[in-house]
Amino acid sequence: MDDGFVRRVFEEGGRDYFQQPSTSSSSSSSSILQSLPLHVSFDYGYYLLVKSVQELREKKEGLVTVGIGGPSGSGKTSLAEKVASVIGCPVLSMENYRVGTDDGNDPDSIDFDLLVNNLQDLINGKDASTPLFDFQEKKRTFSKILYASSGVVIVDGTYALHAKLRSLLDIRVAVVGGVHFNLLSKVKHDIGDSCSLDYLIDSIFPLFRKHIEPDIHHAQVVFNSLTQWKVLGFFLSFCFTLQIRINNNFVSSFREAIYKLKCKSESAIGQSAHVFHEKETQSDNFIEMYLRPPSASEEARINDWIKVRQSGIRYYLALGDQRIVDKNFIIRPKAEFEVGRMTLGGLLALGYTVVVSYKRASQSVRIDNLSVSLETIDTLGETFMVLRGTDRKVVGAEAVRMSITGPWITKSYLELILERRGVPRLNTPPLLPSTPVSTDREKTILAPRPIRISENIVTELEDLSQPWTRSPTKSKMEPVLATWQFISSDHTPADTLITAAESSSSRNIMQLAPIPESCDLDRGLLLSVQAIQALLENKGVPVIVGIGGPSGSGKTSLAHKMANIVGCEVVSLENYYKPEQVKDFKYDDFGALDLVLLSKNIKDVKNRQKTNIPIFDLETGTRSGFKELEVSEDCGVVIFEGVYALHPQIRASLDLWIAVVGGVHSHLISRVQRDKNRVGCSMSQNEIMMAVFPMFQQYIEPHLVHAHLKIRNDFDPVLSPESSLFVLKSNKQVSYQDILRVLDPAKFCSSVQNFIDIYLRLRGITSNGPLCESDCIRVRVCEGRFAVLIREPIREGNFIIQPKVDFDISISTVAGLLNLGYQAVAYIEASAFIYQDGKLLIEVDHLQDVPSPYLQIKGLNKEAVEAAGSSLKLDGSYTTKSYLQIVLERLPDAERSSSGVHARQAAKLQELVEFVQAQGSSSASESSHSRETSPLDGIIEDLQARIKRLERWHIINTVLWTFLMSALVGYSLYQRRRQ
């Protein structure tokens with residue numbers, strides 16, 4: 001490959017920062033250009049973009065400019081906001097550069113000259129005056145100053161990768177998918193195979209193929225995914241233009257659901273006036289309309305309708321009535337995306353009709369983490385009070401505080417209108433408002449003539465070779481809301497299906513029909529809740545759910561998200577460990593479960609009797625007590641989750657079987673395979689799984705295939721912006737009284753933990769300089785658990801952004817890693833004193849051989865964490881170094897062992913490794929009859945005795961510190977009362 005071609009490729013469309021590569025890098029340039037373009041998921045694209053901005057910011061002087069483009073509804077704005085919240089940089093929204101009220105998807109409606117001037121000023125180190133567009137007033141209102149000292153600026157918009165802007169951008173990101181893809185699939189499903197994909201795109205997104213798609217093709221990754229960071233480092237030193245493609249499969253999710261309570265305003269009279277009088281009120285006016293497909297019948301199948309919400313000149317679209325009703329709550333996902341006006345016109349041109357339209361006038365106030373609204377629906381002529389929030393308990397508690405007891409309304413406004421006026425017949429005008437429409441209402445939207453480049457009529461879309469920017473349209477689109485069916489568990493033929501409505505008369509012999517296809521986590525969460533509701537409706541209380549899967553697959557997170565939606569109890573099978581069976585950390589052994597007690601508890605629940613659930617303390621390896629569980633009409637669901645929840649001896653007593661695979665289980669296998677490739681050793685994922693998860697294939701996987709619902713968990717909380725925990729770390733000394741002043745005394749609680757961190761690195765991986773955390777897998781031993789971290793967290797400014805959950809693995813998994821060639825290269829022992837109030841967590845860590853403790857402030861809200869740090873006067877003392885870096889920096893060369901840890905700790909590390917290998921080998925040998933048991937009893941007994949002594953010391957230490965903290969809290973309260 002000649003140098004001229006290389007130069008042309010790197011210079012195309014980028015800023016003029018090209019540098020001649022050195023001769024040593026010539027081979028690398030060839031491998032970069034020959035690698036395939038990388039199409040990454042939304043979560044990984046977010047992680048990759050943050051890392052790219054950080055590295056580019058270090059490599060070059062001046063401002064780093066990022067352009068994020070893509071069609072309407074693809075998720076580009078969400079990506080821009082999430083990256084900006086981590087980097088701490090401003091976002092230039094192209095919507096503020098409108099020159100009129102025309103559709104923002106028209107390039108002629110964007111003031112490119114002003115945007116280019118603003119970018120050039122910022123690049124040249126000058127502050128820029130950027131416009132703000134008011135979508136209610138439909139005009140530019142005023143300007144705001146954007147300072148060049150921000151270091152990074154993001155341009156977000158449909159045409160962010162336009163030719164007029166590309167030469168000013170360092171990083172070009174294209175986002176496709178989201179509602180853009182899903183709407184195409186929905187329309188294709190509704191109108192059949194009579195139109196080609198190009199025809200549909202030109203109808204719904206008339207400007208996409210002509211103006212948008214050519215621009216987003218300029219976002220193209222050209223580095224190898226297996227060695228992306230090393231290649232990325234070369235690439236950034238070679239040319240300052242990085243290009244990324246992101247496929248956004250996200251459409252709607254109940255992971256961060258919105259909980260609503262709704263009643264008529266007369267039910268809350270007095271209380272509403274009091275709330276709205278004290279708080280600042282925000283007023284909004286919306287026009288909401290529902291579109292019926294052209295092939296629809298007279299029946300009101302509102303789940304097949306498309307909802308469009310108009311706010312000023314902005315349009316938001318949602319597919320179907322995606323909501324869950326549980327008791328008095330309406331639970332909605334984040335399922336609404338902004339689209340252009342031409343999209344609505346295109347749907348009307350394709351034969352969709354507006355069935356119902358109404359105007360919703362809203363006045364709302366914010367109360368902490370929820371909103372209270374008064375909403376007037378003109379078609380109904382009534383006003384409703386609505387409480388909204390992301391926490392079910394908080395919304396319910398606020399209703400109680402406001403003394404609002406209902407009656408609650410769980411029907412949507414659409415259902416209320418259809419009940420009162422009936423379903424409009426086909427080819428009839430939509431229901432009109434009962435009140436006169438104001439003169440300033442938006443004019444009737446005219447459907448634009450679709451730009452039909454060619455009428456390529458096809459029969460099967462799957463036979464076409466589509467570019468990456470097009471939808472992977474299915475011939476049969478999955479329904480938004482599935483209908484669970486029941487089958488007879490008696491003598492009825494197995495293929496006899498009974499709908500939910502027909503099964504009420506035979507509830508004792510009915511069971512759910514399994515869904516044969518697997519689904520992703522978001523859809524699985526929705527289907528799980530729907531299955532529970534179908535069982536409650538047709539079989540009655542109680543409903544007992546079992547969620548099984550390998551360690552780290554995400555079953556515990558799924559169980560608690562389901563419980564938050566349904567409002568029920570979650571029981572972990574870990575509480576049923578027999579103390580005498582888990583003394584060697586063999587938590588993945590089925591024989592360690594107390595099946596007699598578990599069977600009794602399930603039987604009591606089925607008989608609707610009170611039962612005592614055990615509580616197991618993993619740190620001491622003993623049962624610490626029992627808690628009472630009672631199933632009532634108000635909460636008639638119990639979820640049992642655990643590795644063996646779908647074992648035949650357990651699932652026979654359960655109503656709903658859910659299997660979850662993936663998560664850290666699959667991410668760990670991929671990480672090991674990547675490490676093996678780095679050292680030149682090829683190994684299949686099946687071989688790795690047999691070594692790292694020896695119990696899975698033989699004892700767990702056979703039970704998962706019988707599940708009613710099978711869920712693939714592709715979610716990676718280390719990468720996902722939805723699972724970020726913001727952390728500030730400092731070694732400045734802070735008094736206990738100062739910590740108390742930062743936290744809420746009404747919700748304050750404290751605890752003590754002792755943990756050991758072991759860092760594992762594959763033999764053959766070498767790093768230039770000191771031991772690197774990114775080359776290692778961290779295993780934390782805490783309270784009898786083994787938790788794994790397989791990817792280095794994001795560090796930005798003073799903040800460390802890390803996942804908010806730990807991922808438990810068994811001791812056999814750690815032993816499997818050691819057997820695959822991983823070496824324990826670092827050992828850190830510490831004790832942590834934890835103080836929290838539900839919003840913030842302050843942790844004081846005492847590291848062994850480090851004289852001063854480190855304080856960490858953790859929280860989901862970045863601003864709250866930063867404010868707490870300022871209150872504790874920690875500004876200027878923060879560090880983003882890991883504890884591994886801190887410990888290694890303190891070790892002189894003379895006291896380092898060959899593994900890079902303190903000489904006194906090397907013996908402890910070796911002892912722990914031998915213990916893990918012994919226990920892991922023992923577990924693996926017990927799982928296979930072909931292996932012989934190793935004679936390690938003497939070693940095991942000696943190590944067990946040492947661990948017991950350490951546990952006793954930890955208990956004494958915990959009691960003493962708890963007593964001391966209680967005394968300090970009592971003294972502090974005493975002093976406050978005196979004052």
Side-chain angles (χ1 to χ4, degrees), residues 255 512 514-529 531-532 544-563 570-577 586-590 592-593 598 638-671 685-686 688-690 692-717 723 785-788 790 803 805-813 816 923 927:
R255 279 184 253 171
L512 285 172
I515 296 178
E517 299 85 10
S518 61
C519 59
D520 60 26
L521 184 64
D522 289 317
R523 183 171 174 79
L525 177 58
L526 173 61
L527 290 172
S528 301
V529 175
I532 291 173
I544 307 177
V545 183
I547 304 178
S551 299
S553 59
K555 56 188 176 297
T556 304
S557 299
L558 175 67
H560 285 282
K561 291 183 185 301
M562 290 171 57
V570 176
V571 179
S572 173
L573 293 189
E574 291 181 349
N575 291 313
Y576 291 90
Y577 287 141
K586 297 176 184 176
Y587 300 124
D588 54 356
D589 187 354
F590 181 69
L593 294 177
L598 176 60
V638 179
I639 300 174
F640 288 87
E641 65 87 13
V643 172
Y644 290 103
L646 300 187
H647 191 278
Q649 296 184 38
I650 300 176
R651 72 169 184 257
S653 304
L654 308 179
D655 300 304
L656 175 60
W657 311 336
I658 302 174
V660 186
V661 296
V664 76
H665 177 82
S666 59
H667 295 315
L668 180 58
I669 294 174
S670 300
R671 167 62 189 267
Q685 290 199 357
N686 188 59
I688 297 172
M689 183 182 68
M690 290 294 293
V692 179
F693 299 101
M695 307 289 286
F696 174 72
Q697 194 166 18
Q698 186 172 356
Y699 291 103
I700 302 173
E701 190 177 33
H703 309 147
L704 303 182
V705 298
H706 300 284
H708 297 120
L709 181 62
K710 307 171 187 68
I711 297 176
R712 308 179 316 273
N713 181 14
D714 299 323
F715 180 67
D716 189 342
S723 182
R785 295 175 179 269
F786 291 82
V788 65
I790 60 175
V805 291
D806 293 325
F807 309 101
D808 292 341
I809 56 176
S810 67
I811 194 170
S812 59
T813 297
S923 298
S927 67

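Counting begins at 1 with the first residue of the sequence. Treat the numbers as computed from the prediction; the structure is a model and nothing was measured.
Side-chain atoms of E641 and L558, non-hydrogen and from C-beta on, never get closer than 4.5 Å to each other. By the 4.5 Å heavy-atom criterion applied to side chains, Y576 and V571 are counted as neighbours. Two residues are said to be in side-chain contact when any heavy atoms from C-beta on lie closer than 4.5 Å; L593 and L598 fail this criterion.
Atoms CG and CZ, from L525 and R523 in turn, are 12.0 Å apart once rounded to the nearest 0.5 Å. Taking CD1 of I532 as the reference point, atom CG of L512 lies at 10.0 Å (rounded to 0.5 Å). Between atom NZ of residue K710 and atom CD of residue E517 there is a gap of 8.5 Å, rounded to the nearest 0.5 Å. L668 contributes atom CG, which lies 9.0 Å from atom CD1 of I688 (distance to the nearest 0.5 angstrom). Separating the CG atom in D520 from the CG atom in L527 is a distance of 9.5 Å, to the nearest 0.5 Å. Taken to the nearest 0.5 Å, the CD1 atom of I650 stands 5.5 Å off from the CG atom of L573.
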In residues 701-709, what donor-acceptor pairs under 3.5 Å come from side-chain atoms, sequence neighbours left out?
{"unit_1": "H703", "atom_1": "ND1", "unit_2": "Y699", "atom_2": "O", "d": "3.1"}
{"unit_1": "H708", "atom_1": "ND1", "unit_2": "W657", "atom_2": "N", "d": "2.9"}

Take V545 and D655, measure what side-chain contact (heavy atoms from CB on, under 4.5 Å) needs, and give me the verdict at the end. CA-CA 6 Å; V545 183; D655 300 304; over 6 Å; no
- Task: Any chance you could lay out the side-chain contact (heavy atoms from CB on, under 4.5 Å) test for F590 and Q649, step after step, and finish with the verdict?
- Result: CA-CA 11 Å; F590 181 69; Q649 296 184 38; 4.0 Å; yes
List the steps and the verdict of side-chain contact (heavy atoms from CB on, under 4.5 Å) for I711 and S528.
-> CA-CA 10 Å; I711 297 176; S528 301; 4.2 Å; yes
Pair F640-I547, side-chain contact (heavy atoms from CB on, under 4.5 Å): steps then yes or no:
CA-CA 6 Å; F640 288 87; I547 304 178; over 6 Å; no
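Between the side chain of K555 and the main chain of G549, a donor-acceptor pair closer than 3.5 Å is present. Under a 3.5 Å cut-off, the side chain of R712 and the backbone N or O of G662 do not form any donor-acceptor pair. Using modelled atom types, one side-chain atom of N713 and one backbone atom of S553 make a donor-acceptor pair closer than 3.5 Å. Within the 3.5 Å criterion, the main-chain N or O of V692 finds a donor-acceptor partner in the side chain of T813.
Residue P550 comes nearest to V661 through the heavy atom pair CD-CG1, 4.2 Å, listed as atom of the first residue, atom of the second, then distance. Closest non-hydrogen pair, R651 versus L646, comes out as NH1-O, 2.8 Å.
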